[in-house]
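For reference, the structure is listed below as structure tokens.
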Amino acid sequence: ATAITLVLAGCGSTDTESDSADNPYGLITPGQISVASVGDLKPYTFTDASGEFTGFDVELFRDVTARAGIDEVTFTGTDFSGLLAAVSNEQYDVGVAAIGITDDRKQTVDFSSGYLAGFLTVLAKDESAVSYEDALAGSRLGVVQGTLQETYAVENFPEAALVRFPDNNAAISALNTGSIDAHFLDYESAKAYIEQYDLTDVKDIPSFDAPAGFAVAKGNDALREALDEGLAAAMEDGTWKELYQEWFPGSPLTPQYLPKAEQTEGA
Ligand SMILES: NC(=O)CC[C@H](NC[C@@]1(O)OC[C@@H](O)[C@@H](O)[C@@H]1O)C(=O)O
């Protein structure tokens, strides 16, 4: 057994896939990128009426990967709570789902540079449903498991009764049936739900210190660098601005992602 073990141990491949010329980005399947995403985070990432993934994050990602010469991109919907682990253990090449970059998450995956800085929103049926002044004490607050909202609520709303959901759709139906008093999610998604159902934005909390990034398996520097280059190019030539205004009409433009020439204009 020892001899066999030695032989097997000796043949572990030391070079990563990305070393091979036909797979410069170390993709699970050369030439195509598999993406873990979520289907109900409109308008960041969601599946439209024909089941196609689209939204700001999705269309930006497609633009960025096209610049790297990768045109075959397949999106799969997953529960957010398992998304980073799935990228980390290389079930998917990338995670794309308005994923805020944090040191804690960097223990599990690497991130591209940031591409979207916005707000976390407490969404309720009406103003009287919860008291933000009392840090939502005594209220049933929905959060999607594994999100920054969950972490923030544990730290800042200790007296609230947290109800954890696998995704926003489940939380929103609980909010609409009254089994929770409020749901805590991303600002642009809250806005979409407010338009769809008669709901109220109770509070917008800035999350600029955790801009969204694309998640890749730790160590896949070739892919991460290609995504960074594509992001920088998309920001500099105005593609980022175009997509932002298409998907988040009326929302304030964050200068750091605009073409350099436009960044000083506003100042
Ligand atoms: N898929 C989700 O529900 C993501 C929820 C949550 N997104 C936070 C965030 O990345 O959303 C986009 C921007 O507003 C970022 O500033 C923010 O941290 C998170 O990263 O946990």
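As a basis for the values below, the full set of heavy atoms in this structure was taken, side chains included, without hydrogen atoms, waters or symmetry mates. Counting starts at 1 for both ligands and their atoms, following the listed order.
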Within-cut-off N or O pair, [X] and ligand 1, under 3.5 Å:
X: Ala98; result: yes
X: Leu148; result: yes
X: Thr147; result: no
X: Gly146; result: no
X: Phe208; result: no
X: Gly100; result: yes

Give the atoms of ligand 1, by number and element, whose distance to some non-hydrogen atom of [X] is under 4.0 Å.
X: Phe119; answer: 14 (O)
X: Ile99; answer: 10 (O), 20 (O)
X: Leu116; answer: 13 (C), 15 (C), 16 (O)

Tell me if a side-chain donor or acceptor on [X] pairs with a main-chain N or O of [Y] at a distance below 3.5 Å.
X: Ser37; Y: Val96; answer: yes
X: Gln263; Y: Leu258; answer: yes
X: Thr29; Y: Gln32; answer: no
X: Asp228; Y: Ser112; answer: no
X: Thr65; Y: Phe61; answer: yes
X: Glu150; Y: Gly146; answer: yes

Identify the closest protein heavy atom to [atom]: which residue and atom is it, and at what distance?
atom: atom 3 (O) of ligand 1; answer: Leu41 CD1, 3.6 Å
atom: atom 1 (N) of ligand 1; answer: Ala97 O, 3.0 Å
atom: atom 14 (O) of ligand 1; answer: Gly118 N, 3.0 Å

Query raised in the report: Hey, is Arg105 touching ligand 1 through its side chain, its backbone, both or neither, going by heavy atoms under 4.0 Å?
Result: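 For Arg105, only side-chain atoms sit under 4.0 Å from ligand 1.
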Query raised in the report: Is it the side chain, the backbone, both or neither of Thr45 that has a heavy atom closer than 4.0 Å to ligand 1?
Result: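 Within the 4.0 Å criterion, Thr45 makes no contact with ligand 1.
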Aromatic contact between [X] and [Y], with the criterion being ring centroids under 6.0 Å apart: yes or no?
X: Phe75; Y: Tyr92; answer: no
X: Tyr152; Y: Phe184; answer: yes
X: Tyr115; Y: Phe214; answer: yes

Query - ligand 1 contacted by Gln149 (non-hydrogen, < 4.0 Å) - result: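 Within the 4.0 Å threshold, so yes.
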Query raised in the report: Closer than 4.0 angstrom: is that true for some heavy atom of Gln145 and an atom of ligand 1?
Result: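 No, Gln145 has no heavy atom closer than 4.0 Å to ligand 1.
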Query raised in the report: Looking at Arg67 and Asp63, does any basic side-chain N land under 4.0 Å from a carboxylate oxygen?
Result: yes
Query raised in the report: Charged N to carboxylate O under 4.0 angstrom, Glu262 versus Lys241?
Result: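 The answer is yes: the pair qualifies as a salt bridge.
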**Report entry** Per atom 6 (C) of ligand 1, closest listed option by heavy atom (Asp186, Asp57, Ile101, Val144)
**Finding:**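 Selected option, by shortest heavy-atom distance: Asp186.
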Report summary line: Among Ala117, Gly95, Ala210, Ser81, the residue with a heavy atom nearest to atom 17 (C) of ligand 1 is Ala210
